Structures are given as C-alpha cells and as structure tokens.
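Values below: every heavy atom of this structure, side chains too, minus hydrogens, waters and symmetry copies. Here is how names work: the chains are called A, B, and so on, in the same order as the sequence lines, proteins then strands, and each is numbered from 1. Given the structure is predicted, the values throughout are model-derived calculations rather than measurements.
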Amino acid sequence: MVDLALKTLLHDKLRFLITVSGVAFAVTLVFVQLGLFFGLLGNASVTIRNLDADLWITPKNTPNIDFANSFPEIYVQRVRSLQQVVRADNLIVFYMFMTLPSGARETTEVYAMENFKAWQFPWRISEGDLDDLKRGDYLFMDQSATRRFGAFRVGDYREVQDRRLKIIGRTQDALSFTTTPLTFMDYHLAQILDPNNFNGRTSYIVVKLEHGADVEAARKEIQRRLPFNDVYTVADWADRSERYWVESTGLGLNMYLTVFLGILVGVVVVTQTLYTSTMEHIKEYGTVKAIGGSNRDIYRIIGKQALIAALLGFAAGALLAFVIRHLVYGMGLKLVIPPQMVAIVFVGSILLCLSAAAVSFRKAAGIDPAIVFRS
Amino acid sequence: MKTILAAQEITKTFREGSESVAVLKGISLSLVRGEIVVMEGRSGSGKTTFLSIAGCILTPSSGRLIINDEEINVRHPGLLPTVRRRCIGFVFQQFNLFPALTALENIEFALNIKGIKGKVAHGRAENLLDAVGLAERKHFLPRDLSGGQKQRIAIARAIAGDPSLLLADEPTANLDTQIGEQILDLFRRLAKQEDRALLIVTHDQKVRAVADRVVEIQDGLLAA
Ligand SMILES: Nc1ncnc2c1ncn2[C@@H]1O[C@H](COP(=O)(O)OP(=O)(O)OP(=O)(O)O)[C@@H](O)[C@H]1O
Ligand SMILES: [Mg+2]
C-alpha cells in the first residue's frame, strides 16, 4: 500500500513538527501536573503508609497526620488488652523550633515513639541505629532537611527548645506535605520537650493486628472502647490526610484545571493543524474521490495522520516528562508517574487526536469531487 | 460494436439562490469501444459539466446514463464511487497528481484505491510508467517533473484500473503545442491499444486530429 497519509505528513515537515509538538506539549503538561499532584499527595501520607500498622487511633476529628490534638497515653492499655492486637504503641507527632548554626529558627515536625524498630519506621535509614535514640538527647533527621536547614552530619548538635540535641542518624524519603523537615526522637524526650501538650499524653496510637485478623471487626471494637477517639484503617487514614490537602489548598482544582488546559491546548493544536492540512489538500482528497475512493478511504488517511501525530506526540511528550522528572528530582521535587497513568494518558492522547480529526472528517465527507476540474 | 457510454437527454440546471441556469438542455451522446470523441465548445458552454456527469461525479437534473450496459442510478450518489472505481479513468487539465507521492507511487496509489494491492500493484505501476516512457523518472516527485511528464503520469494513472471509459478535460491546455501533440498521440495509442472509449472535452481545435468523431456543444445542446 502506498501510504498517502504518512507521505503527505512528511511532505510538510514544519506543519508535522508543529502538530507533534502540540501533542507532546499537552502530554508533558499532563504528566508533569499529574505527577506533581500525586507526588505532593504522596508526601501527605507517606509516613502513614510506611509505618507497619493496621489501625490508627487519632484524637476525635483530626483532619490529617500533621495536625493532631492529644489524648491520655494510658488509653493504649485498653487497646493492648484486645485479643487480636499483637502490638499497640503511642506515637507523638508535633512541631518544634530548631535553631540552626546560622542562628535562624526553623520548624521541624517530630515523630516520637518508644520502639521505632517494632514498626519498621522510619523505613529508610542511611546512617545510625534507631535503638540509640533511647539513650539520650538524640535525634534522627531526614536527608530532605538539608534544603531548609542546610547540610548536616551525624554527630552535629542542634538547639531545640533550649536544649542541645545530637544528630545520631539520617533517614531518607520521610517527607511531609508542608515540606517541613521530619525528625525522629524518643517518646519520652518529646514529652519532656513539650510538657504542656504531652505530659502523660500522646497524639496517636498505632495498632498491629494478628495475621489474618478481621480488621474491620477490630476497628469497631476499639472504637467502642475509645468513644472519644477515631479509629481508622491505614488506607482510610491515608486518604483522609490526602483529601484534607486536596480540598483545603485548591491543589485538586489546580490540577484539574491544568490538566484540562493541557488537553485543550493539545486538542486545539491538533484540530487546527489537521484541519488546515485537510483544507490545503482538499483537491487531493477530491482526486482520491474522483479515482473511486470512498469517504472511508479519506477517513482512513486523515485518521491515520491523527494517529501518527498522537503516537509520536505521546512518545516525545512522555520522554520529556521523564527527563523533567529526573531533573526536578535533583531539586527535591517528586513526580510520581505510575504505569497506569502512562497507559491512561496514552489512550487519552489517541482518543483526543482522533476526535480532533472529526472536524476534518466532516469537511472531507463534504468534498465535492467536481473540485478536481476547477483550477 | 459494444456501447461503453450512453448518455440520453441529459440536462443540468444549476440553482443559485432564486436564479437557475440551465447549462445542459438535453444532450445525448454515445461512445462505443475503441472510439475517440472530441467535444468542443466555447468557454462556459458546459463541457466540464457534461464530462462530470458522464464520469459519475456530478448528477444530472434529468436524463439517463448507461455505462457498460449498466444503468446508473444517479439518484443514489452513494453508489457512484464504485462506478468511478471500476469503469472510469480521468485526466485533468491541472494533472492533479499527489505532490507528496513519486511518479510511481501516484500510479500505485490509484491501483490501491481500485483494490489492487501489494506487489501486483507495484509491478503494474512500473509497467504503466514504462508505457508512458517515464520508467527512469519513477522516483521523481511531481514538482521535479515537467508539465508534459506530469500529464503522462496522469494518463498512466487514469488507465491504471483498466477502465473501459477514459474522460479527459482539456488535457493539453496547460502544455506547449508540441508537447500537447505528443501527449495526444500517446493518449490515442493507449486508448486504441486496449479498445477503450475516450471522450476529450476541449476548446482547443488541434485536439480534433486524434478524433474519430467531433461534436460541439452550443447553448446546452449538441450542434449537428
Ligand atoms: N457548481 C456550479 N454552480 C453553479 N454554476 C455552475 C457550477 N458549475 C458550473 N457552473 C456554470 O455552468 C456553466 C458551464 O460551466 P462548465 O465548467 O461546464 O463550462 P466549460 O465549457 O467547461 O468551460 P471552460 O471551457 O471555461 O472550462 C458556466 O456558466 C458555469 O458558471
Ligand atoms: Mg471546463
């Protein structure tokens, strides 16, 4: 088969480039925007998803992991006495001022537990031993803190609430939605540093159930025993934390809007270039009809052109998005582009390009083959 | 002799708003196999209009059209592409080659449209190009060919599907006299070789040279 569609596309290389760039631009925009969205959203729940618990007990109406009230720490006993519960521990999450070597005062978000290792939390440790936290005024700091707090080394001291704490370890990937750097310390040290809020009190109780236990039944039972708290499964608690940021910051709206704009730009560019191209080749399509081609032959030609633009545009756009992902990673920004997203954007590009061709289809269907006799 | 084209009492009236112009007022014309008919007439006399109707591109206002013993139902335009594909080859004043396709591909594409594909189409396109004397130009794009060469390729493309009826609208109008004569010569030879019926409409009197019969269109009717 002589490929009139492709040859005609390649015959006008500049227009072809514009079409493909239009699709690529839209694809990149959608990937980057969705990737940023999921990346940021992932930060809002990354600690919840990585702590090895089945249930989270929170103060009533806590909107997300970062903004918790406190409740009596002895509640944990009521949970531990449950038969399906393998382990239940208190977890304090709170904010502290930290004075940097430069003299600047910054905020850090502290996670404090008695036994971190039992919860495989934090989950990526590049330096230090978590067991040492118990032994004194120590803390672990996440690598991402270097962006705000400057470089640090294990062995450095930092002043926190008028107390000198020694950094004895370094974690990776422990982020917060607010980008406040995370630190980790012993539970009792946290209570000493913030006695007003945490003297005899905790922010959360995390619960590990027996293997194969009925999670929902256990959740209900705990909720019955602690009527002034909320009890969530990991998935629900993570969703709640994420949803808070989506709804309160307009992040969701912003994402939808940019994705919509990206799609719009892509569709408009493809529609426009395909349509001008169809108009410019109208006499050729008339000739195709004159030599016996049907509308279907012409749809196939235009459809194929749209498809080629979609495929190449998608490939270029996806490639660019992955390059950008690599570049912004170095800047501390995370683009999350899961395979499902790639698949959806791929199918979306093809469908949108074909629908962009619809305008040209209509034009082509209306071509009067008598046009071939006109000059 | 077998009749290839029989047009009977063809009329065509164009309507533009409230005005209507009767361009063809009852034209009857038949072509038998192997016959070359030249239709002359002044500019605007309706030559192209008649050719379009005979080529199943335009539908007449009234009249009957029979091609290869088959009555064309002109009230059913959806069937016309099939008639064009199977029975008719066109040659145009403007050549109308596909600018993105090479000489060879232009012919091969026409064969593809007519349902002949793959190696068969390729081989046949090469033979046709050879028949019009342009074998060594097969990879040239139309923009790199002269007018005469383009029209030869167009002729090769027109006979590509082996149509029994060839229709040409002013095939020499964009060519020098000498080149025009060569083209007509080639056209005549190829039409006669395969016993095709050929209708050429033109206002160029020199085309008469290749005609078996000349008719003239005047005031929407064929003059005697
Ligand atoms: N689609 C149309 N709508 C309205 N009028 C038309 C249409 N096509 C042709 N006509 C009119 O019909 C008349 C005959 O046109 P046609 O093109 O058949 O003439 P022609 O003999 O081929 O002329 P020429 O030698 O200049 O090519 C002209 O007056 C033209 O304006
Ligand atoms: Mg004309």
[X], part contacting chain A, at a heavy-atom distance under 4.5 Å:
{"X": "B:Pro99", "answer": "both"}
{"X": "B:Leu141", "answer": "side chain"}
{"X": "B:Ala110", "answer": "both"}
{"X": "B:Gln94", "answer": "side chain"}
{"X": "B:Phe92", "answer": "side chain"}
{"X": "B:Leu101", "answer": "side chain"}
{"X": "B:Asn96", "answer": "both"}

Look at atom [atom1] of [X] and say whether more than 12 heavy atoms of other residues, nucleotides or ligands are closer to it than 6.0 Å.
{"X": "A:Tyr299", "atom1": "OH", "value": "yes"}
{"X": "B:Glu16", "atom1": "CD", "value": "no"}
{"X": "A:Arg296", "atom1": "CZ", "value": "no"}
{"X": "B:Glu19", "atom1": "CD", "value": "no"}
{"X": "B:Asp195", "atom1": "CG", "value": "yes"}
{"X": "A:Lys334", "atom1": "NZ", "value": "yes"}
{"X": "A:Tyr329", "atom1": "OH", "value": "no"}
{"X": "A:Arg15", "atom1": "CZ", "value": "yes"}

Pull out the residues in residues 251-284 of chain A that come under 4.5 Å of chain B, heavy atom to heavy atom, sorted by number.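 A:Lys283, A:Glu284 fall under the 4.5 Å cut-off.
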Candidate pair B:Ile57 and A:Val372, rule side-chain contact (heavy atoms from CB on, under 4.5 Å), full reasoning: CA-CA 10 Å; B:Ile57 278 179; A:Val372 290; 4.3 Å; yes
Separation of [Y] [atom2] from [X] [atom1] (nearest 0.5 Å):
{"X": "A:Phe373", "Y": "B:Leu58", "atom1": "CZ", "atom2": "CG", "value": "9.0 Å"}
{"X": "B:Ser52", "Y": "A:Ile371", "atom1": "OG", "atom2": "CD1", "value": "12.5 Å"}
{"X": "A:Ile291", "Y": "B:Lys114", "atom1": "CD1", "atom2": "NZ", "value": "6.0 Å"}

Between [X] and [Y], is any pair of side-chain heavy atoms under 4.5 Å apart?
{"X": "A:Val2", "Y": "B:Phe98", "answer": "no"}
{"X": "B:Arg157", "Y": "A:Thr287", "answer": "yes"}
{"X": "A:Lys289", "Y": "B:Arg84", "answer": "yes"}

Option that, when pairs with chain A are counted at under 4.5 Å, heavy atom only, ranks first among B:Glu108, B:Glu170, B:His122, B:Gln93: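 The candidate making the most pairs under 4.5 Å is B:Glu108.
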Partner chain B: residue of A:Pro369, A:Ser294, A:Gly286 with the largest heavy-atom pair count (under 4.5 Å):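 Between A:Pro369, A:Ser294, A:Gly286, the count favours A:Pro369.
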When only pairs under 4.5 Å are counted, which of A:Leu4, A:Asp3, A:Asp297 shares the most heavy-atom pairs with chain B?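 Winner by heavy-atom pair count: A:Leu4.
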For a quick test of reading the model, state the closest non-hydrogen atom pair linking B:Pro81 to A:Gly293 and the distance between them.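 Between these two residues, the closest heavy atoms are CB-O, 4.2 Å.
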